[in-house]
Each structure stands twice: as C-alpha cells, then as structure tokens.
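Each remark here refers to the structure printed beneath this line.
These numbers come from a predicted model, not from an experiment.
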Amino acid sequence: MIPGIAPKPAAPPVASVPQPRHMFVFGAGFVGRYVSEHLLAQGWQVSGTCTGPAKKRELEMLGMNASVFDATDSNLENIHSLQQATHLLISIPPIPGLGDPLLNLNDDLRRTLSHGNLEWLCYLSSTSVYGDCGGALVDEDHMVNPKSESAKLRYEAEKGCLNLVNHLNLSAFIFRLGGIYGPGRSALDTLAKSKSLSQRQKLRESKQYTARIHVADIYQAVLASMSMRCARKIFNVVDDDPAPRAEVFAFARSLIEMRYPDLITDSPDVNSAESDIQERIVPAEKRVSNARLKKELGVKLLHPTYRSGLQSILDSWQTESQLPDRSR
C-alpha cells in the first residue's frame, strides 16, 4: 500500500439470485391439481401435463402452463417447461402392458433433467406394493410383496424413479399413498350423487383394513419434504385409522342425514357383491404405519381419521349450490 493513499475498498460480494420455484406436475389429476392450485396461491410457477385439450384449458385457466401428454405416444421434446422446473411431482399411474409412461422415456427424461434446474423429485406410489401382510403393522422397511398387476407396476416405477436420480444431485422421495379422498371425491360425494359402486369397490367391502389419506395431508407431506435434503427416502402417507370402507360409508350417511335429510334418495349398497363377478380382489390385509411421516417430516395430520376428513368436506357444502351435482 502506498503511504497516504487509502486502499481501494473491496467489491461487495455478488449476491446469488434465488432460483424461482417452479413445480412441474406429471399428471395433474385429483392430487396433482390440488397441489398445483395451492402452490399457485403461494406464488409458485406451476407447469404440468394432462390427457386432453379440455383439461389443458382448465389448467391454463388456473394459471398453469399445461401440456397434453399421451402416455402411449408422446415424447418430452415439446414440454419445454420441464427443463426449467426446480421441483417434479410424478402423479401418473402405470398402465397395464406398458408400465410407467414417463419412465419408458428414461433416456430422454434423464437427459432433460440433467441439463435442467431440478432440486426435488417425488413419485406418488401406493401402499398396495406391500401386498397381503395378514393384518400386520407395516412400515417403510417392511418387505415389499406386490401381488396384483397394478401393485407390481407401481413397485417397478418406484425402482425406476430411484434409479433415475442416481446421478442427479437432488432430493428424491417415494410417497406410498393410502386410498385418496377429499372434496369432490369421497364417500359423501358417492352417496349424495346416488352413484352406484363399481364391482371392484363392492368387493373391497370385505377388507378389514383400508389405508386412506386426505388430499390436504398429501399436500402437507409434499411441502414438508421440500425442506429435507436427502438422496432418497420412502414415506407411507396414510392417516391413523385404517377403518373398513363399510364403516366409512355408514358414518358418511349419518352426516348427510343429519344435515341434509332429503339428499339421499337411493343409496348404493356398500356391502353387496354380485355372485357372478369374474374379477376378484387380491387379498391385501395390512395396517400401514405413518410414524416416519410424523417423526422425520414433522407432519401433523389435518385429518388423522376419516371422521374429521369427511366432516370438513361436509362443512364445505355451505349452500345448496355447493352440493355435489347429482347429474354427473
């Protein structure tokens, strides 16, 4: 330093520009759309895929950048927003005879993600991958033993997602979901619309245990996992009460009859099953633990049982115009 001359002040450090949060949802169905709407309300940029032009227009009206993705005949070249995404939620179910439509584009997907901004990936799977456990309590370390074709495809998709991120520096999660319900998709809606149960639904009535989860609690788990940096992690996302479906429908009926006594005119029989049904449900009795979800992600369930979940849905029917459309 030259005497009498003050040293030149050091240049201030260049502040790093925070990466804008951009969620890409592959499969903006019931869960994907719920997550998208709530993230948009929090200021996120949200893109996603759907199955047709009408759904695309609906998603665009919400503020999403939507693309039509044909599971049997699509590539990723025209989905430009995928490379800009910081978060990726995969909510497309596997297709019998095809498998996971996204992972079938594995090389294209890996190339796109490796040159992008992705920090977080989550695949929505199912507790069906555990198979029949004889009513035992199962956690994420329990042996996986899928029996049905759909459960086997789910497990293959889980492995494919984890393999995909092997060489990518990001957090990856598998959420094994119970039966999903929420506003517009619940026992209340089925009863209010006098909608008949499918043969498959009727056969499920014999199950002693049924894992389920409210869509709002799936969203909670998604948000909580975003703050957790890890290579890979599996979480059961279920509530505290694996009650049988017949019990759930009985409670739903009692709620409706107390508040809207004239609404149910012809209730579906939730306990019957036709004797000539060819399809048979693969036995899958188990009680699914959510201890890891609570301990490691810190999720406090908004709806720990179907009772609070159904009550909240009924409470949202505040006016006659908000009751389920029985014509649909």
Salt bridge (Lys or Arg N to Asp or Glu O under 4.0 Å) involving [X] - partner list, sequence neighbours excluded:
X	value
R259	D315
K56	E60
D108	R111
E156	K159

Return the set of residues passing ring-ring contact (aromatic ring centres under 6.0 Å, His included) with [X] (not counting sequence neighbours), or none when no residue passes.
X	result
Y181	H214
F175	none
H38	Y34, Y219

Pairing of R176 and E158 as salt bridge, 4.0 angstrom limit: yes
Spatial distance of atom CD (Q83) from atom NE2 (H115) [nearest 0.5 Å]: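 Q83 atom CD to H115 atom NE2 measures 8.0 Å (nearest 0.5 Å).
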L102 side, atom CG; S91 side, atom OG - distance, nearest 0.5 Å: 11.5 Å
Passing candidate, side-chain hydrogen bond (donor to acceptor under 3.5 Å, both in side chains) with Y306, options E247, R212, Q311: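 Only one option passes, and that is E247.
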For S225, side chain to side chain donor-acceptor pair (under 3.5 Å) partners two or more places apart: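 For S225 the side chain to side chain donor-acceptor pair (under 3.5 Å) partners, ignoring immediate neighbours, are W120.
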With D240 via side chain to side chain donor-acceptor pair (under 3.5 Å) - residues at least two apart: N290, K294
Whichever hydrophobic residues join L137 through chains of side-chain contacts under 4.5 Å: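 Answer for L137: none, a lone residue.
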Members sharing I95's hydrophobic cluster (side chains within less than 4.5 Å): L98
Any side-chain heavy-atom pair of I90 and C161 under 4.5 Å: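 Yes. Closest side-chain heavy atoms under 4.5 Å.
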Trace of the side-chain contact (heavy atoms from CB on, under 4.5 Å) decision for R33 with E58: CA-CA 10 Å; R33 179 165 175 160; E58 287 182 20; 2.8 Å; yes
D141 CG: over 12 foreign heavy atoms closer than 6.0 Å: yes
All pairs passing salt bridge (charged side-chain N to carboxylate O under 4.0 Å, His left out) where residues 45-54 contributes a residue, at least two apart: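 Applying salt bridge (charged side-chain N to carboxylate O under 4.0 Å, His left out) to every pair that reaches into residues 45-54, excluding sequence neighbours, yields nothing.
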